Amino acid sequence: MISSKYWYLITNGILIVTAIYIWLSRIPDNGKTQVGFSVPQKGFQAPDIKLYNLADELIALSDLRGNVVVLNLWASWCLPCRSEMPALQAIYDEYIQRDVEILAINITNQDNLDNVLAFVKEFNLTFPILLDVDGNASQAYLLNSLPTTFFINKRGFISDIVVGGPISETLLRVQVEKLIQE
Amino acid sequence: MLPSLQIGPLSIPTDAFILLVGLWVGLNVAERRSHRHKVKREVLFNLATITLGTGLVGARFGYVARYHSIFFRNPSDIFSRNLGLMDPNIGIFIGFLSALIYVQQKKLSFLAILDALSPAMSIMAIALGFAHLASGDAYGFPTTLPWGISLWGAIRHPSQIYEIMAASIIFLLTISGKTLISSNCKGSVFFSFLAMTAFARLILDSFRGDSQLLIYGIRSMQVFSWVIFAFSFWVLSKLRVKNVKVL
């Protein structure tokens with residue numbers, strides 16, 4: 001066993017060296033490492049998408065900058081997607097006047113347009129339903145599971161992701177309130 | 001990267017699944033080795049059950065308390081399956097507090113329990129690395145090094161692999177009984193594990209690209225790890241001199 005004198009010398013030495021390491025390994029210029037990348041991950045800029053809605057109007061995510069955006073990827077055959085639609089509609093109705101937008105992207109390349117229309121009618125959905133006909137949006141958002149919901153802040157950065165569902169109305173409301181107050 | 005496992009209509013978050021497997025394996029290993037620290041297997045099992053149970057309930061109620069006005073509108077969501085409706089910090093605090101009360105009520109040695117649980121914690125640390133690898137979280141800083149991996153739009157340090165490697169080394173040292181002071185002292189296994197883990201985190205965080213920053217670009221997790229590292233050394237110093245119960 002080493003003597004107390006050497007023990008304190010060694011441990012204090014290690015603590016000083018590691019403290020210096022913390023200073024030397026700091027991020028230069030206080031920079032954020034996520035800036036400049038558009039990827040579907042928390043903290044990064046949300047990838048831009050341009051899709052047609054059911055009224056055949058082109059909608060771009062980047063045009064909604066300044067709004068809180070809830071981006072939900074869904075399909076009519078997906079059971080959790082069905083379960084969470086009333087919650088999304090309730091949030092849309094409540095927050096539409098407060099610069100909150102809901103974009104529900106239907107994975108149309110794995111769905112059927114007639115079923116999509118019937119689905120929208122069944123749930124009386126009034127928020128924009130975008131059609132991902134060629135799968136570009138699901139590819140850009142690395143869709144792995146349905147439904148998936150991205151919460152995007154007013155500056156266009158992803159603040160949270162919920163994979164799977166159904167997402168509860170409370171969780172939607174908490175996330176939206178947080179982003180409004182940001 | 002595989003963020004979720006799709007089994008029929010069920011979508012299972014891969015990271016949570018890996019952590020559960022890690023917990024199960026870790027507790028099994030810890031129970032098998034508990035006799036070395038004179039701790040009964042049932043004690044570890046009960047402690048883990050109490051900590052997890054109260055931790056989960058605490059995490060949900062912590063979240064409810066924080067957003068009570070929103071929960072008033074949908075009170076049934078208090079029992080929602082959404083894992084997002086949890087406050088992990090409150091959960092950890094409540095779980096730890098419950099464990100502390102259980103240990104005190106049963107008049108057990110807190111240091112011996114911590115030693116017995118160290119293998120489980122080191123396996124959980126490995127599982128955490130794999131969970132990060134599956135979800136793509138805890139990603140690295142952009143690099144030009146040849147072993148960089150393509151992730152989130154850039155070639156980055158494989159920080160999750162570094163994490164798994166460091167945790168594996170710490171696990172091997174922990175189960176082989178290598179401690180920074182005499183392993184006869186109660187608490188030496190746990191505080192050696194804690195010191196090594198804090199040191200590894202302090203070094204590895206410098207390769208991370210998702211660090212929270214304090215001032216002047218200093219990473220907050222490195223500072224936190226340094227404090228834990230210093231605290232571990234302080235406790236180990238006390239243990240090696242006195243070899244008595246300090247907690």
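The structure displayed is predicted, hence computed values, not measured ones. In what follows, every chain begins at residue 1, and chains take the letters A, B, ... in the order their sequences are listed.
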- Query: What orientation do Phe191(B) and Phe231(B) show, parallel under 30°, tilted 30 to 60°, or perpendicular over 60°?
  - Reply: perpendicular
- Sort out for me which of Trp226(B), Tyr67(B), Tyr63(B), Trp234(B) touches chain A most, counting heavy-atom pairs under 4.5 Å. Trp226(B)
- Query: When the ring planes of Phe199(B) and Phe229(B) are compared, do they come out parallel, tilted or perpendicular, using 30° and 60° as the limits?
  - Reply: tilted
- Task: Please step through side-chain contact (heavy atoms from CB on, under 4.5 Å) for the pair Asn12(A) and Phe233(B), ending with a clear verdict.
- Result: CA-CA 9 Å; Asn12(A) 287 333; Phe233(B) 270 156; over 6 Å; no
- Task: Under 4.5 Å, counting heavy-atom pairs only, tell me which of Ile203(B), Val223(B), Asp205(B) racks up the most with chain A.
- Result: Ile203(B)
- Query: Under a 4.0 Å N-O cut-off, is there an ion pair linking Arg173(A) with Glu177(A)?
  - Reply: no
- Message: Can you confirm whether Ser176(B) sits close enough to Phe171(B) that some side-chain heavy atom of one is under 4.5 Å from a side-chain heavy atom of the other?
- Response: no
- Query: Among side-chain atoms of Ser211(B) and Arg219(B), is any donor-acceptor pair under 3.5 angstrom?
  - Reply: yes
- Query: Would you say the side chain of Lys186(B) lies within less than 4.5 Å of the side chain of Leu114(B), judging by non-hydrogen atoms?
  - Reply: no
- Message: Less than 4.5 Å to any heavy atom of chain A: does that hold for the side chain of Arg81(B), its backbone, both, or neither?
- Response: side chain
- Message: Quick check on the interface: out of Ile14(A), Leu24(A), Leu15(A), who has the most heavy-atom pairs with chain B under 4.5 Å?
- Response: Leu15(A)
- Item | Residue pair Asp137(B) / Gln41(A), side-chain donor-acceptor N/O under 3.5 Å | yes
- For chain B, which residues from residues 105-116 of chain A have at least one heavy atom closer than 4.5 Å to it? none
- Ignoring hydrogens and angles, state whether a donor on the side chain of Ser168(A) or Asn74(B) is under 3.5 Å from an acceptor on the partner side chain. no
- Going by distance alone, is a donor N or O of one side chain under 3.5 Å from an acceptor N or O of the other, for Glu84(A) and Asn72(A)? yes
- Note on the structure: Assert top hit (heavy-atom pairs under 4.5 Å, partner chain B, pool Val163(A), Ile161(A), Thr148(A), Val174(A)) equals Val174(A)
- Item | Part of Ile167(A) within contact of chain B (heavy atom distance under 4.5 Å) | both
- Item | Residue Gln175(A) versus chain B: region with a heavy atom under 4.5 Å | neither
- Within residues 95-103 of chain A, residues adjacent to chain B where the heavy-atom gap is under 4.5 Å: none
- Query: Are side-chain heavy atoms of Phe141(B) and Phe207(B) found at a separation under 4.5 Å?
  - Reply: no
- Task: Using non-hydrogen atoms and a 4.5 Å limit, figure out which bit of Ile12(B) sits close to chain A: side chain, backbone, both or neither.
- Result: neither
- Side-chain donor-acceptor pair present, Ser206(B), Tyr21(A), cut-off under 3.5 Å: yes
- Query: Asp87(B) and Asn89(B): side-chain donor and acceptor closer than 3.5 Å?
  - Reply: no
- Task: Measure Leu236(B) against the heavy atoms of chain A and call it side chain, backbone, both or neither at under 4.5 Å.
- Result: both
- Message: Taking side chain as everything from C-beta outward and backbone as N, CA, C, O, which of these in Val162(A) sits under 4.5 Å from a heavy atom of chain B? Side chain, backbone, both or neither.
- Response: neither
- Task: Given salt bridge (charged side-chain N to carboxylate O under 4.0 Å, His left out), test Arg73(B) with Glu169(A) step by step and report yes or no.
- Result: CA-CA 9 Å; Arg73(B) 302 181 64 167; Glu169(A) 196 177 315; 5.7 Å; no
